[in-house]
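Numbers for residues simply follow the sequence, beginning at 1.
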Amino acid sequence: MEQQKQWLKLSFFCPLELAEAASDVLAVKSGNGVEQSPEQDSACVLAGFFAVHDADEVRLVAADVGAALAALFALYERPAPELERRMLQDEDWATSWQRYFKPFAVVPGLIVRPSWESYAAGPGERVLEMDPGMAFGTGQHASTRGALTLMRQALGALPPEVEQRALDVGTGTGILAMAAALWGMPAVLALDNDPEAVQVAAENVARNGLAAQIRVALTPPAALSGSFALVTANIVHDVLAAMLADLTRLTAQGGFLILAGILAGGQEANIVRLYGDCGFHLVEAKYEDEWAALLLRRG
């Protein structure tokens with residue numbers, strides 16, 4: 001292989017329930033857009049594009065991505081995917097996918113637009129500038145939409161006696177934290193355990209002029225003290241179950257907890273049971289495709 005830049009395309013067959021998380025892995029590792037084939041029943045084909053210069057770099061990138069995907073699939077008790085490699089010449093592959101990403105409404109009244117597109121906000125609309133392919137989620141997944149819908153509902157019913165601040169655990173790109181700030185929450189703490197996600201979220205917060213309201217940090221929830229009127233966590237079932245004690249402790253009495261990234265049915269019932277045993281009651285659930293987002297209230 002010549003030393004000039006080429007593009008390594010890594011593609012694999014992915015169950016739909018893992019598609020968002022797997023896309024996030026590809027986006028973080030590549031810094032570029034992710035290609036998804038049309039869905040076929042319960043699966044799709046995902047592909048990521050990686051700038052490489054020689055055969056050694058190809059092997060290193062493929063091994064790194066393969067290990068990250070294997071770890072993700074193991075969380076869902078799925079075998080590691082088989083990666084297909086394909087080399088592409090440098091013909092602006094890094095930006096050609098951008099023409100497919102246009103401004104869109106995540107939920108009514110909240111628009112996400114990429115930096116290369118303009119958008120004139122209509123009455124009552126708020127706009128977030130976010131580029132895909134940087135970290136976890138730009139609002140295109142059902143779990144994010146469900147969480148945002150429930151957040152808007154919760155923000156209108158927060159207990160006035162509790163300090164008005166929000167906590168977003170596993171913030172990714174920071175979309176939930178930024179939406180909370182745009183919709184009136186004066187103080188938001190956004191946490192993630194991935195340094196790359198924290199960097200991207202902080203950049204998004206600054207880009208959207210929300211740094212005065214939102215602080216982004218690597219701090220683990222276990223290290224926090226105090227409580228929050230609103231807590232959000234759009235992660236996966238097993239992590240939400242493991243974080244039961246911390247999320248309970250950090251949600252103020254009378255405050256709201258929004259949990260998403262949960263499959264409807266068995267996972268949903270288990271989360272409702274676990275958090276119910278800790279003093280939460282289910283206010284509402286939102287469903288889209290196979291996903292459930294839950295709005296819980298403590299006490």
Linked, directly or transitively: [X] and [Y] (ILVMFWY side chains, under 4.5 Å):
X	Y	result
Trp291	Leu150	no
Val106	Val127	no
Phe49	Leu60	no
Tyr287	Val107	no
Ile111	Met130	no

Under 3.5 Å: donor-acceptor pair, side chain of [X], backbone of [Y]:
X	Y	answer
Gln164	Pro159	yes
Gln213	Leu210	no
Arg298	Gly254	no
Gln267	Leu263	yes
Arg78	Cys14	no
Glu117	Arg113	no
Asp54	Asp56	yes

Do Asn204 and Thr173 have side-chain atoms, one donor and one acceptor, less than 3.5 Å apart?
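No - no donor-acceptor pair under 3.5 Å links their side chains.
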Looking only at heavy atoms, what is the nearest atom pair of [X] and [Y], with distance?
X	Y	answer
Ala285	Glu268	CB-OE2, 4.3 Å
Ala177	Val188	CB-CG1, 3.7 Å
Pro221	Met243	CG-CE, 3.5 Å

Non-hydrogen side-chain atoms of [X] and [Y] separated by less than 4.5 Å:
X	Y	result
Cys44	Phe13	no
Val162	Leu158	no
Leu191	Pro220	no
Glu17	Glu290	yes
Asn234	Ile258	no
Leu69	Leu83	yes
Phe73	Pro81	yes
Arg59	Arg85	yes

| said: Between Lys286 and Glu284, does the salt bridge (charged side-chain N to carboxylate O under 4.0 Å, His left out) criterion hold? Intermediate values first, please. | reply: CA-CA 7 Å; Lys286 290 292 183 182; Glu284 189 168 346; 3.1 Å; yes
Scan Asp24, Asp194, Asp64 and name whichever one has a salt bridge (charged side-chain N to carboxylate O under 4.0 Å, His left out) with Lys29.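 The single option meeting the salt bridge (charged side-chain N to carboxylate O under 4.0 Å, His left out) with Lys29 is Asp64.
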[X] side, atom [atom1]; [Y] side, atom [atom2] - distance, nearest 0.5 Å:
X	Y	atom1	atom2	value
Leu8	Arg86	CG	CZ	11.5 Å
Leu247	Ile235	CG	CD1	7.0 Å
Asp192	Gln199	CG	CD	12.5 Å
Phe280	Leu296	CZ	CG	6.5 Å
Leu230	Leu167	CG	CG	8.5 Å

- [ ] Evaluate side-chain contact (heavy atoms from CB on, under 4.5 Å) for Glu129 paired with Val112, printing each intermediate quantity in order.
- [x] CA-CA 6 Å; Glu129 181 184 310; Val112 169; over 6 Å; no
Any cation-pi pair here, Arg165 with Phe228, using under 6.0 Å and within 45°?
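Relative to the ring axis of Phe228, which defines the angle, Arg165 lies inside both limits.
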Side chain to side chain donor-acceptor pair (under 3.5 Å) between Glu125 and Tyr119, intermediate numbers included = CA-CA 11 Å; Glu125 287 186 337; Tyr119 182 84; 2.8 Å; yes
What side-chain donor-acceptor pairs closer than 3.5 Å can you find for residues 271-278, not counting sequence neighbours?
{"unit_1": "Arg273", "atom_1": "NH2", "unit_2": "Asn270", "atom_2": "OD1", "d": "2.6"}
{"unit_1": "Tyr275", "atom_1": "OH", "unit_2": "Leu240", "atom_2": "O", "d": "2.7"}

| task | For Arg152 and Trp183, run side-chain contact (heavy atoms from CB on, under 4.5 Å): C-alpha distance rounded to whole Å, both residues' side-chain angles, the deciding distance at 0.1 Å, then the answer. | result | CA-CA 7 Å; Arg152 199 157 201 180; Trp183 288 336; 3.6 Å; yes
Before you tell me yes or no, could you show the steps for Leu110 and Phe104 under side-chain contact (heavy atoms from CB on, under 4.5 Å), namely the whole-Å CA-CA distance, both residues' side-chain angles and the distance that decides it to 0.1 Å?
CA-CA 8 Å; Leu110 182 62; Phe104 67 98; over 6 Å; no
Exercise for the section: Dump the intermediate steps for side chain to side chain donor-acceptor pair (under 3.5 Å) on Asp168 and Thr232, then the final yes or no. Expected result: CA-CA 5 Å; Asp168 182 28; Thr232 60; 2.8 Å; yes
- Task: Given side-chain contact (heavy atoms from CB on, under 4.5 Å), test Val45 with Ser11 step by step and report yes or no.
- Result: CA-CA 7 Å; Val45 175; Ser11 55; 4.3 Å; yes
